[in-house]
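Before any comments, here is the structure.
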2 protein chains.
Amino acid sequence: MQQSQAATELMTLRDREYKCGIDVTLALVGGKWKASILWHLAQETMRFSDLQRQFSDTTRKMLTQQLRELETDGLVHRKVYPQVPPKVEYSLTDQGRTIFPILELMCDWGRNYAQAGNQT
Amino acid sequence: MQQSQAATELMTLRDREYKCGIDVTLALVGGKWKASILWHLAQETMRFSDLQRQFSDTTRKMLTQQLRELETDGLVHRKVYPQVPPKVEYSLTDQGRTIFPILELMCDWGRNYAQAGNQT
DNA sequence: TGTCATGGTTTCCAAAAAGGTACTGTGTTT
DNA sequence: AAACACAGTACCTTTTTGGAAACCATGACA
């Protein structure tokens, strides 16, 4: 029996505890829109209205909500230009960019799954 | 203007349509437990009672529900031994195994995030 | 005969996530 | 003076998830 059990230390995130990194990741990007938002922002910085166009089947409210959480979690940067009408640009932070490989795999895997599934 | 827009064909999954592979992936493993379940099953085949022990903070109901969906989606194999008391073993299908790289990245990334986050 | 173990199911309820609609602020343009 | 553009907020409803507790089936075993 080994005593080198560095194992099950809990991770904390927004007052919740997680046993596994997977759960942390899902807590951050597991919502209905967040991962896609990050994916789009990974390609280019976008204004709020650009995002609205991309996510035309959601509401302004959901978008701002998700963006604010991503900002709070340090994955997205929000830059406000002090002008009228307002201009707000969203981009990934350095930390946000580190999740790109996961999104890429998820994109490919999901695409493959859907294709394979359609053959049955 | 190029016409080679193979781009936005929709993917279908359980009567819903998805624009992006990411959303398909999240639909399959984005729940509160599924990704972790797959992660554990990737290490070893487990009986239902093993899973109950691992996921001691969820209920039998949630576990069976999630496992059944994973089975329906072709990611998990359920093997029933015809004996009493019952014995049911869960393992990954070949398709289920293909998601392992994503889980691995998610696990690492989440762990790193939690660590980095704790320093602020 | 009663109890145990395993692997569930069923019903009901609470909480969380998502969505709809209307309203806001403010310089600029008409 | 009115309308517009952009990027929101506020308030409320609906839908989806998650969870607690009780119930079920069956053969072995005491």
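Chain naming here is simple, since letters A, B, ... match the order of the sequence lines and numbering starts at 1 in each. Remember, it's a predicted structure, so these values are computed and weren't measured experimentally.
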Open item on the list: For a quick check of understanding: with a heavy-atom distance under 4.0 Å over all strands, which category does B/Tyr81 fall into, base, sugar-phosphate or nothing?
Closed with: nothing
- [ ] Could you please spell out the steps behind the salt bridge (Lys or Arg N to Asp or Glu O under 4.0 Å) verdict for B/Asp50 and B/Arg47?
- [x] CA-CA 5 Å; B/Asp50 295 329; B/Arg47 300 184 55 168; 5.5 Å; no
Open item on the list: Would you say A/Leu70 ends up clustered with A/Phe100 if hydrophobic residues are merged whenever their side chains have heavy atoms under 4.5 Å apart, either directly or through other cluster members?
Closed with: yes
Open item on the list: Between A/Val80 and A/Tyr90, is there shared hydrophobic-cluster membership here, with clusters defined by ILVMFWY side-chain heavy atoms closer than 4.5 Å?
Closed with: yes
Open item on the list: With a sphere of 6.0 Å drawn around CZ of B/Arg78, does it hold more than 12 non-hydrogen atoms of other residues, nucleotides or ligands?
Closed with: yes
Task: SB check A/Asp94 A/Arg97 (cutoff 4.0 Å) - done: yes
Task: side-chain N/O B/Arg78 vs C/dG8 OP1/OP2, d < 4.0 Å - done: yes
TODO: May I have the step-by-step check of salt bridge (Lys or Arg N to Asp or Glu O under 4.0 Å) for B/Lys32 and A/Asp23, ending in yes or no?
DONE: CA-CA 8 Å; B/Lys32 192 169 175 182; A/Asp23 298 332; over 6 Å; no
Taking atom [atom2] of [N] as reference, at what distance in whole Å does atom [atom1] of [X] sit?
X       : N     : atom1 : atom2 : answer
B/Leu51 : C/dG7 : CG    : C1'   : 12 Å
B/Met46 : C/dG7 : CE    : P     : 12 Å
B/Leu63 : C/dT9 : CG    : P     : 12 Å

Open item on the list: Each nucleotide in nucleotides 17-22 of chain C should get exactly one letter: B, S or -. Can you fill that in based on protein heavy atoms under 4.0 Å?
Closed with: -SBB-B
Task: Outermost DNA chain D nucleotides near chain B [under 4.0 Å, heavy atoms] - done: D/dT16 to D/dG27
Open item on the list: In the structure I gave you, are the side-chain heavy atoms of B/Ile99 and A/Trp109 within less than 4.5 Å of one another anywhere?
Closed with: yes
Task: Any donor-acceptor pair under 3.5 Å from A/Thr93 side chain to A/Gly74 backbone - done: yes
